[in-house]
Colleague: 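Take a look at this one; I'll ask things after.
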Amino acid sequence: MPASRREVAGPAGVLVLSAQHGFGRLDDELLPYEQRMDTPGHISVEQLHAQAAGLGVLSARDLIALGGRAYVDAVTAVTAVTAVSAVRPDALRPMDGCRGIGEQRSRLAPLAAADDPLGLARAFVACAAPSAPG
(Lines give C-alpha, C1' and ligand atoms only; values in the text may rest on other atoms or scores of the structure.)
Protein backbone atom coordinates (compact mmCIF):
# COMPACT_ATOMS: atom_id res chain seq x y z
CA MET A 1 0.00 0.00 0.00
CA PRO A 2 1.51 3.38 -0.95
CA ALA A 3 2.38 5.69 1.95
CA SER A 4 -0.37 8.17 1.06
CA ARG A 5 -3.03 5.44 1.31
CA ARG A 6 -1.63 4.19 4.64
CA GLU A 7 -1.95 7.71 6.02
CA VAL A 8 -5.59 7.90 4.91
CA ALA A 9 -6.33 4.61 6.71
CA GLY A 10 -5.30 6.24 10.00
CA PRO A 11 -4.32 4.50 13.22
CA ALA A 12 -7.09 1.88 13.10
CA GLY A 13 -6.06 1.00 9.54
CA VAL A 14 -8.10 -1.41 7.49
CA LEU A 15 -10.41 -3.70 9.43
CA VAL A 16 -12.50 -6.64 8.29
CA LEU A 17 -15.91 -7.34 9.80
CA SER A 18 -16.63 -10.99 10.56
CA ALA A 19 -20.19 -11.99 11.42
CA GLN A 20 -18.82 -14.43 14.00
CA HIS A 21 -15.78 -12.63 15.39
CA GLY A 22 -16.50 -8.95 14.79
CA PHE A 23 -13.73 -6.57 13.76
CA GLY A 24 -10.34 -7.99 12.85
CA ARG A 25 -7.14 -6.72 11.30
CA LEU A 26 -5.99 -7.98 7.92
CA ASP A 27 -3.30 -10.14 9.51
CA ASP A 28 -5.59 -11.78 12.10
CA GLU A 29 -6.02 -15.50 11.49
CA LEU A 30 -9.55 -16.84 11.82
CA LEU A 31 -10.68 -20.42 11.51
CA PRO A 32 -13.27 -21.05 8.79
CA TYR A 33 -16.88 -20.59 9.86
CA GLU A 34 -20.34 -20.38 8.25
CA GLN A 35 -21.93 -17.50 10.19
CA ARG A 36 -23.47 -14.67 8.17
CA MET A 37 -24.45 -11.23 9.42
CA ASP A 38 -28.04 -11.69 8.22
CA THR A 39 -28.66 -14.94 10.14
CA PRO A 40 -29.27 -15.58 13.85
CA GLY A 41 -26.16 -15.94 15.99
CA HIS A 42 -24.10 -13.11 14.46
CA ILE A 43 -21.99 -10.85 16.65
CA SER A 44 -24.10 -8.36 18.60
CA VAL A 45 -24.17 -4.59 18.20
CA GLU A 46 -22.95 -4.31 21.81
CA GLN A 47 -19.91 -6.50 21.06
CA LEU A 48 -19.13 -4.57 17.87
CA HIS A 49 -19.38 -1.27 19.73
CA ALA A 50 -16.97 -2.49 22.43
CA GLN A 51 -14.50 -3.78 19.82
CA ALA A 52 -14.74 -0.54 17.86
CA ALA A 53 -13.92 1.47 20.98
CA GLY A 54 -10.87 -0.68 21.66
CA LEU A 55 -9.62 -0.46 18.08
CA GLY A 56 -9.99 3.31 17.75
CA VAL A 57 -12.85 3.11 15.24
CA LEU A 58 -15.07 5.39 17.34
CA SER A 59 -12.43 8.11 17.48
CA ALA A 60 -11.27 7.88 13.85
CA ARG A 61 -12.03 11.07 11.96
CA ASP A 62 -13.45 9.32 8.92
CA LEU A 63 -14.66 5.81 8.22
CA ILE A 64 -15.49 4.12 4.93
CA ALA A 65 -17.71 1.04 5.25
CA LEU A 66 -17.41 -1.37 2.32
CA GLY A 67 -19.30 -4.64 2.13
CA GLY A 68 -22.65 -6.25 1.76
CA ARG A 69 -25.68 -4.39 3.08
CA ALA A 70 -26.03 -6.51 6.26
CA TYR A 71 -22.38 -5.87 7.18
CA VAL A 72 -22.44 -2.15 6.44
CA ASP A 73 -25.76 -1.85 8.30
CA ALA A 74 -24.18 -3.57 11.31
CA VAL A 75 -21.71 -0.68 11.46
CA THR A 76 -23.96 2.22 10.50
CA ALA A 77 -27.59 1.43 11.38
CA VAL A 78 -29.21 2.62 14.58
CA THR A 79 -31.81 0.10 15.74
CA ALA A 80 -34.59 0.34 18.30
CA VAL A 81 -33.79 -3.19 19.50
CA THR A 82 -30.82 -2.21 21.65
CA ALA A 83 -29.82 0.73 23.81
CA VAL A 84 -26.40 0.79 22.13
CA SER A 85 -26.17 3.15 19.18
CA ALA A 86 -24.64 2.11 15.88
CA VAL A 87 -20.87 1.81 15.80
CA ARG A 88 -20.51 4.68 13.31
CA PRO A 89 -23.76 5.99 11.80
CA ASP A 90 -21.66 8.67 10.07
CA ALA A 91 -19.53 6.14 8.12
CA LEU A 92 -19.42 6.68 4.38
CA ARG A 93 -21.30 4.00 2.42
CA PRO A 94 -19.95 4.34 -1.15
CA MET A 95 -21.48 1.02 -2.32
CA ASP A 96 -25.05 2.13 -1.59
CA GLY A 97 -27.10 2.24 -4.76
CA CYS A 98 -25.09 -0.48 -6.53
CA ARG A 99 -27.37 -2.98 -8.25
CA GLY A 100 -25.02 -5.92 -8.27
CA ILE A 101 -21.47 -7.13 -8.14
CA GLY A 102 -20.58 -5.48 -11.47
CA GLU A 103 -21.45 -2.02 -10.18
CA GLN A 104 -19.72 -2.74 -6.87
CA ARG A 105 -16.53 -3.75 -8.67
CA SER A 106 -16.70 -0.65 -10.87
CA ARG A 107 -16.60 1.46 -7.68
CA LEU A 108 -14.10 -0.65 -5.74
CA ALA A 109 -11.42 -0.64 -8.45
CA PRO A 110 -10.99 3.14 -8.54
CA LEU A 111 -11.24 3.34 -4.73
CA ALA A 112 -8.39 0.85 -4.38
CA ALA A 113 -6.23 2.77 -6.85
CA ALA A 114 -7.11 6.31 -5.74
CA ASP A 115 -4.56 8.68 -4.24
CA ASP A 116 -7.48 10.11 -2.25
CA PRO A 117 -9.86 7.19 -1.53
CA LEU A 118 -11.72 9.24 1.08
CA GLY A 119 -12.48 12.00 -1.43
CA LEU A 120 -13.60 9.46 -4.02
CA ALA A 121 -15.79 7.66 -1.46
CA ARG A 122 -17.41 11.02 -0.64
CA ALA A 123 -18.05 11.60 -4.36
CA PHE A 124 -19.70 8.17 -4.72
CA VAL A 125 -21.89 8.88 -1.68
CA ALA A 126 -22.90 12.29 -3.07
CA CYS A 127 -23.86 10.71 -6.42
CA ALA A 128 -25.93 8.00 -4.72
CA ALA A 129 -27.80 10.43 -2.43
CA PRO A 130 -31.42 10.95 -3.41
CA SER A 131 -32.24 14.32 -4.90
CA ALA A 132 -34.29 16.76 -2.88
CA PRO A 133 -37.83 17.12 -4.26
CA GLY A 134 -38.12 20.27 -6.16
Side-chain angles (χ1 to χ4, degrees):
M1 181 183 301
S4 62
R5 300 238 315 274
R6 262 188 248 113
E7 292 166 10
V8 170
V14 175
L15 298 174
V16 176
L17 178 55
S18 157
Q20 183 166 329
H21 303 285
F23 292 110
R25 298 189 187 283
L26 293 176
D27 58 352
D28 289 346
E29 291 187 36
L30 302 176
L31 294 174
Y33 62 92
E34 297 299 322
Q35 182 65 52
R36 292 173 42 123
M37 195 61 81
D38 58 358
T39 59
H42 63 78
I43 190 163
S44 71
V45 173
E46 293 87 357
Q47 290 169 308
L48 284 178
H49 206 274
Q51 288 180 343
L55 291 167
V57 173
L58 300 180
S59 61
R61 195 175 105 192
D62 299 294
L63 182 70
I64 301 172
L66 301 172
R69 183 181 318 268
Y71 290 82
V72 173
D73 283 350
V75 174
T76 63
V78 177
T79 67
V81 176
T82 178
V84 177
S85 65
V87 174
R88 284 292 298 265
D90 63 326
L92 296 173
R93 299 175 56 129
M95 297 296 115
D96 280 0
C98 289
R99 294 173 296 199
I101 192 68
E103 287 185 17
Q104 290 172 347
R105 290 181 69 168
S106 73
R107 289 189 190 180
L108 286 171
L111 275 171
D115 288 330
D116 180 16
L118 182 59
L120 186 55
R122 285 186 175 129
F124 285 143
V125 169
C127 289
S131 311

Colleague: Name all residues meeting the side chain to side chain contact (heavy atoms under 4.5 Å, CB included) criterion together with Asp38; count only those two or more places apart in sequence or in a different chain, and write none if there are none.
Modeller: Arg36, Ala70

Colleague: Ser59: which residues meet the side chain to side chain contact (heavy atoms under 4.5 Å, CB included) condition with it, sequence neighbours left out?
Modeller: none

Colleague: To the nearest 0.5 Å, what is the distance between CG on Leu66 and CG on Leu17?
Modeller: 11.5 Å

Colleague: State, to 0.1 Å, how close Ala91 and Thr76 come at their nearest heavy-atom pair, and which atoms those are.
Modeller: CB-CG2, 3.7 Å

Colleague: Output all residues satisfying side chain to side chain donor-acceptor pair (under 3.5 Å) with Gln20, sequence neighbours left out; order by chain, then residue number.
Modeller: none

Colleague: Can you run down the ring pair (Phe, Tyr, Trp, His ring centres under 6.0 Å) pairs that involve residues 22-45, sequence neighbours left out, and say none if there aren't any?
Modeller: His21-Tyr33

Colleague: Nearest 0.5 Å, what's the CZ-CG distance between Arg25 and Leu55?
Modeller: 5.0 Å

Colleague: Rounded to the nearest 0.5 Å, what separates atom CG in Leu26 from atom CG in Leu15?
Modeller: 7.5 Å

Colleague: Can you list the residues that meet the salt bridge (charged side-chain N to carboxylate O under 4.0 Å, His left out) rule with Arg107, with sequence neighbours excluded?
Modeller: none

Colleague: Identify, with sequence neighbours excluded, every residue that meets side chain to side chain contact (heavy atoms under 4.5 Å, CB included) alongside Ile101.
Modeller: Gln104, Arg105

Colleague: For Arg61, check side chain to side chain donor-acceptor pair (under 3.5 Å) against everything at least two apart and list the hits.
Modeller: none

Colleague: Using the test salt bridge (charged side-chain N to carboxylate O under 4.0 Å, His left out), find all partners of Arg69 that sit at least two apart in sequence or belong to another chain.
Modeller: none

Colleague: Can you list the residues that meet the side chain to side chain donor-acceptor pair (under 3.5 Å) rule with Gln47, with sequence neighbours excluded?
Modeller: Ser44

Colleague: Got a sec, which residues hit salt bridge (charged side-chain N to carboxylate O under 4.0 Å, His left out) with Asp96, two or more places apart in sequence or on another chain?
Modeller: Arg93

Colleague: Would you say that Val87 contacts Leu63 through its side chain, given a criterion of any heavy-atom pair below 4.5 Å between the two side chains?
Modeller: no

Colleague: Is a donor on one side and an acceptor on the other found under 3.5 Å between the side chain of Arg88 and the backbone of Ala65?
Modeller: no

Colleague: With a 4.5 Å heavy-atom cut-off, do Met95 and Leu108 have their side chains touching?
Modeller: yes

Colleague: For a 4.5 angstrom cut-off between non-hydrogen side-chain atoms, does Leu118 reach Ile64?
Modeller: yes

Colleague: Please list, chain by chain and in numerical order, all residues satisfying salt bridge (charged side-chain N to carboxylate O under 4.0 Å, His left out) with Asp27, sequence neighbours excluded.
Modeller: none

Colleague: Check side chain to side chain contact (heavy atoms under 4.5 Å, CB included) between Ala53 and all other residues, then give those that pass, not counting sequence neighbours.
Modeller: Leu58

